[in-house]
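Below is one structure, written out as structure tokens; comments come after it.
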Amino acid sequence: WLYYQQGLGPRYDDVGLNLSNFPFLGTVYARRLPMDVTVVLSIDPAQKTMSTSRNVIHVYAITQDQRIELHEAFAEKCSVRDLLTNILRLKNRYQASCLVIENTARGPDIIDDLRSKISAQIIPVNPRGTKEDRLRKVVPFIREKRIHIRPRRTVEEAVSEILAYPNCPYDDHVDALTNFLAVIEKIQPSRPADRRNLVAYHPRAANSTLPANIFARGPRLLGSARRPTDQVAAGGAEAGHDDKDSLPVIAFDGKNIVQ
């Protein structure tokens, strides 16, 4: 759309998206994102260092209510070494748990290198069909305004490029977006290392022969989850787990799982 406004291309052959399909985030986050979001990097490597295409990295956050947020967009012509440096920089900065990487050109080498350095989930993507067809497949999803964007220059430039496609000098951001949406169902929701599963600890009474019990629950992969209470009990609502919370409660007697 931006390129159309500047007279750089016709409007009739676009995919029918506009800026209103990418609402801005209503919440301004600090440097770190909330602990309960899953952060994904979508990476589209250039063909080669001297290629006319650029290396692109998108930073997406998937919230518990399944809203998608685009927080950062990197696009540069750079060497493989510099690309890897920026991937690791963004991965560490945002605590990304999943990397979506186009498995073409430099992609396989980058995937092999990253697998030896990080423990995050890595999803190789082999694009099928034309770029325009891949974009049109995700247009209905975008029109539902499921992708919110952070007010940031690089992010707004990425969205402008996507809206201008195919009437723009570059189209690398289109690949990063469509590759991410193509495999979104395969992404494993993250669980922060410092998130605790412990719900309640029931110590053995002084005159009791029963072993101590620990009531724990596993993390919910998607959807909201209430923080556990500190109340000691045998289960259910009193152990921080009620009918509205679908997380399982597990009782461990020190040797075996008994519930």
Side-chain angles (χ1 to χ4, degrees), residues 1-29 31 33 37 39-47 51-63 67-78 82-83 86-87 89-91 93-94 96 99-102 104-105 125 127 129-184:
W1 177 250
L2 178 62
Y3 292 98
Y4 162 73
Q5 289 180 318
Q6 294 174 345
L8 300 179
R11 180 69 174 159
Y12 63 85
D13 57 350
D14 65 12
V15 292
L17 295 174
N18 58 67
L19 189 58
S20 67
N21 299 129
F22 293 88
F24 285 101
L25 282 171
T27 302
V28 179
Y29 292 109
R31 184 177 178 83
L33 299 181
V37 303
V39 181
V40 182
L41 302 188
S42 182
I43 302 153
D44 178 36
Q47 294 293 325
S51 172
T52 56
S53 61
R54 303 158 302 172
N55 297 290
V56 166
I57 307 171
H58 285 186
V59 179
Y60 293 99
I62 305 174
T63 66
R67 181 179 69 185
I68 297 172
E69 302 173 350
L70 176 56
H71 284 271
E72 191 160 336
F74 167 91
E76 283 188 14
K77 295 179 181 180
C78 60
D82 288 342
L83 175 58
N86 281 286
I87 292 173
R89 172 180 65 84
L90 293 172
K91 192 266 182 193
R93 176 179 178 181
Y94 289 97
L99 278 65
V100 175
I101 306 174
E102 184 166 315
T104 60
V125 179
T130 66
K131 193 186 302 283
E132 183 177 354
D133 288 341
R134 296 196 300 272
L135 179 57
R136 289 187 182 279
K137 283 183 180 180
V138 300
V139 162
F141 184 91
I142 297 173
R143 284 178 177 165
E144 292 177 359
K145 301 182 179 181
R146 297 278 299 278
I147 303 177
H148 295 241
I149 61 175
R150 187 168 185 163
R152 176 174 281 164
R153 179 183 59 81
T154 56
V155 173
E156 294 180 44
E157 288 177 349
V159 171
S160 291
E161 181 179 300
I162 293 168
L163 295 177
Y165 178 80
N167 305 302
C168 53
Y170 298 103
D171 53 20
D172 311 293
H173 286 296
V174 175
D175 291 320
L177 171 66
T178 56
N179 288 343
F180 164 69
L181 293 178
V183 299
I184 194 169

Can you find a heavy atom in the side chain of Val37 that is under 4.5 Å from one in the side chain of Ile62?
no
Could you tell me whether the side chain of Ile68 reaches within less than 4.5 Å of the side chain of Leu181, counting heavy atoms only?
yes
Check: Asn86 side chain, Leu83 main-chain N or O, donor-acceptor pair, under 3.5 Å:
no
With Ala75 via side-chain contact (heavy atoms from CB on, under 4.5 Å) - residues at least two apart:
Arg54, Val56, His173
If you take all heavy atoms of Lys145 and Ser20, which pair is closest and at what distance?
CE-O, 3.2 Å
Residues that Tyr60 engages under ring pair (Phe, Tyr, Trp, His ring centres under 6.0 Å), provided they are two or more places apart
His58, Phe180
Check: Glu132/Thr130 side-chain N/O donor and acceptor closer than 3.5 Å
no
Any sub-3.5 Å donor-acceptor pair from Asn55's side-chain atoms to Lys77's backbone N or O?
no
Qualifying residue for side chain to side chain contact (heavy atoms under 4.5 Å, CB included) with Ile57, from Ile43, Asp44, Leu99, Ile101:
Ile43
Taking the side chain as every heavy atom from C-beta outward, state whether Leu163 and Val15 have any pair of such atoms under 4.5 Å apart.
no
Glu76: which residues meet the salt bridge (charged side-chain N to carboxylate O under 4.0 Å, His left out) condition with it, sequence neighbours left out?
none
Please list, chain by chain and in numerical order, all residues satisfying salt bridge (charged side-chain N to carboxylate O under 4.0 Å, His left out) with Lys131, sequence neighbours excluded.
Asp171, Asp175
State which residues pass side-chain contact (heavy atoms from CB on, under 4.5 Å) with Arg152; sequence neighbours excluded, sorted by chain then number.
Glu72, Arg93, Tyr94, Arg150, Thr154, Val155
Looking at every heavy atom in both Pro127 and Thr104, which two are closest together, and how far apart are they?
CD-CG2, 4.1 Å
OG1 (Thr178) and CD1 (Ile142) are apart, to the nearest 0.5 Å, by 9.0 Å
Arg67 side chain to Ile147 backbone, donor-acceptor under 3.5 Å
no
Is any side-chain heavy atom of Phe24 closer than 4.5 Å to one of Glu156?
yes
Nearest heavy-atom contact between Ala46 and Ala105 is O-CB, 3.9 Å
Side chains of Leu177 and Ser42, heavy atoms from C-beta outward: is any pair under 4.5 Å?
no
Student check: side-chain heavy atoms of Glu69 and Ile149 closer than 4.5 Å
no
Check step by step if side-chain contact (heavy atoms from CB on, under 4.5 Å) holds for Leu41 and Ile87.
CA-CA 8 Å; Leu41 302 188; Ile87 292 173; 4.3 Å; yes
For His71, what residues pass the ring pair (Phe, Tyr, Trp, His ring centres under 6.0 Å) criterion, not counting sequence neighbours?
Tyr29
Start with the C-alpha distance between Leu70 and Val59, add both sets of side-chain angles, then the distance that settles side-chain contact (heavy atoms from CB on, under 4.5 Å), and finish with yes or no.
CA-CA 6 Å; Leu70 176 56; Val59 179; 5.6 Å; no
